[in-house]
Amino acid sequence: MLTSITNRVNTLLLVLLVLMAAAIIAILANRAIAGPLDPPGPPASTMHTLDQVYGSVQNVPPSWDQKLNASNGAAGPNPPAGCNSDRFTCVMTSTLCTPTCVTQAPAVLDRETGLVWERVPSSSVVDWLTAIRSCYRADTGKRQGWRLPTQAELESLRDDGVSPPPALPIGNPFGGPLTGTFWSSTQDLQTPGLAYTASFQVNGDGRDMTDGSVIHNYWCVRGPTSKE
């Protein structure tokens with residue numbers, strides 16, 4: 001009698017386990033065929049594609065294999081000369097009326113690289129650590145997140161087709177102490193006390209390594225980086 005009851009209980013438990021397993025399989029199968037998770041149609045109004053974010057002339061995100069024209073920008077002064085060419089777009093703009101209205105353009109988007117530069121570099125000459133700290137504390141365009149550029153990023157502004165090289169592209173919208181020597185955040189691998197610098201509009205190579213205690217100009221940039 002006891003053995004018969006035990007067998008019935010075991011059979012009942014086995015049936016319940018089979019039913020539970022079937023139910024779980026059915027739920028997983030329904031999820032698998034529920035269809036794609038991506039919403040249909042174009043992005044919502046608050047979403048932007050990469051093309052919209054970077055505004056590339058070729059309608060593709062910025063790539064280091066691009067070579068865009070910088071000489072077809074605005075004539076100035078409102079917006080400043082050189083703004084909104086194929087390569088350089090003035091961003092973070094605002095209008096100041098006192099009473100004449102003037103467009104202020106504190107920053108420039110380089111469409112070739114996707115980096116945002118201060119339109120007018122600092123006129124201060126400081127040592128390397130002060131340059132790094134100054135960019136970290138900058139609020140150009142009422143935005144945070146500025147930093148000292150790497151050597152490669154500074155070099156990306158050079159146009160060796162301009163004579164005498166190195167020089168910034170003809171027609172660029174930048175202003176200020178552009179003939180100075182600028183700190184980069186890149187240190188020499190063998191001598192950490194030395195940091196790389198770059199110069200523009202000078203007759204020479206434009207590259208150098210300098211002791212961090214020497215004073216130079218600095219030019220802050222905004223954008224992601226993988227190395228200092």
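Side chains included, hydrogens not; waters and symmetry mates left out as well; all remaining heavy atoms used. Counting from 1, the numbers follow the sequence of the chain as shown.
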Chemist: Could you tell me whether the side chain of Gln144 reaches within less than 4.5 Å of the side chain of Asp139, counting heavy atoms only?
Modeler: yes
Chemist: For residues Leu154 and Val120: do they belong to one hydrophobic cluster (side chain heavy atoms under 4.5 Å, members Ile, Leu, Val, Met, Phe, Trp, Tyr)?
Modeler: no
Chemist: Which atom pair, heavy atoms only, marks the closest approach of Val91 to Val108?
Modeler: CG2-N, 4.0 Å
Chemist: Tell me the closest heavy-atom pair linking Ser85 and Asn72, and the distance in Å.
Modeler: CB-OD1, 3.1 Å
Chemist: Who passes ring pair (Phe, Tyr, Trp, His ring centres under 6.0 Å) against Trp117, sequence neighbours left out?
Modeler: Trp219
Chemist: Does some side-chain heavy atom of Glu153 sit less than 4.5 Å from a side-chain heavy atom of Arg147?
Modeler: yes
Chemist: As an exercise, state the distance from CG of Asn217 to OG of Ser123, rounded to the nearest 0.5 Å.
Modeler: 7.5 Å
Chemist: Over all heavy atoms of both residues, which pair between Ser184 and Ala195 is shortest? Give the atoms and the distance, please.
Modeler: O-CB, 4.3 Å
Chemist: Can you name the closest pair of heavy atoms from Cys90 and Thr93 and give their distance?
Modeler: O-CG2, 3.9 Å
Chemist: If you count heavy atoms of other groups shown closer than 6.0 angstrom to CD1 of Ile170, is the number above 12?
Modeler: no
Chemist: Do Asp208 and Thr181 have side chains that approach each other closer than 4.5 Å (heavy atoms only, starting at C-beta)?
Modeler: no
Chemist: Just verifying a value: how many Å separate Arg119 CZ and Gln104 CD, rounded to the nearest 0.5 Å?
Modeler: 9.5 Å
Chemist: Is there side-chain contact between Pro79 and Asn84, with at least one heavy-atom pair below 4.5 Å?
Modeler: yes
Chemist: Mind checking whether Ile215 and Tyr218 sit in one hydrophobic cluster, side chains of I, L, V, M, F, W, Y counted as touching below 4.5 Å?
Modeler: no
Chemist: Between Asp110 and Leu157, is there a side-chain heavy-atom distance shorter than 4.5 Å?
Modeler: yes
Chemist: Which residue, Trp128, Tyr196, Trp183, forms the ring-ring contact (aromatic ring centres under 6.0 Å, His included) with His216?
Modeler: Trp183
Chemist: Might you point out which heavy atoms bring Glu155 and Ala198 nearest each other, and give the distance in Å?
Modeler: OE2-CB, 4.0 Å
Chemist: Are any of the side-chain heavy atoms of Leu194 and Asp211 separated by less than 4.5 Å?
Modeler: yes
Chemist: To the closest 0.5 Å, what do you measure between CG (Leu148) and CZ (Phe182)?
Modeler: 11.0 Å
Chemist: Would you check if there is a donor-acceptor pair between the side chains of Thr150 and Ser185 at a distance under 3.5 Å?
Modeler: no
Chemist: How far does CD1 of Ile132 sit from CZ of Arg137, to the nearest 0.5 angstrom?
Modeler: 11.5 Å
Chemist: Atom CZ of Arg222 and atom CD of Glu118: how far apart are they, to the nearest 0.5 Å?
Modeler: 11.5 Å
Chemist: Calculate, to the nearest 0.5 Å, the distance between atoms OG1 and CE belonging to Thr191 and Met209 respectively.
Modeler: 6.5 Å
Chemist: Does Phe88 reach the side chain of Arg111, with side-chain heavy atoms less than 4.5 Å apart?
Modeler: no
Chemist: Where do Gly141 and Pro106 come nearest, in terms of heavy atoms and distance?
Modeler: CA-CG, 3.8 Å
Chemist: Would you say Leu178 and Pro121 make side-chain contact, with heavy atoms under 4.5 Å?
Modeler: yes
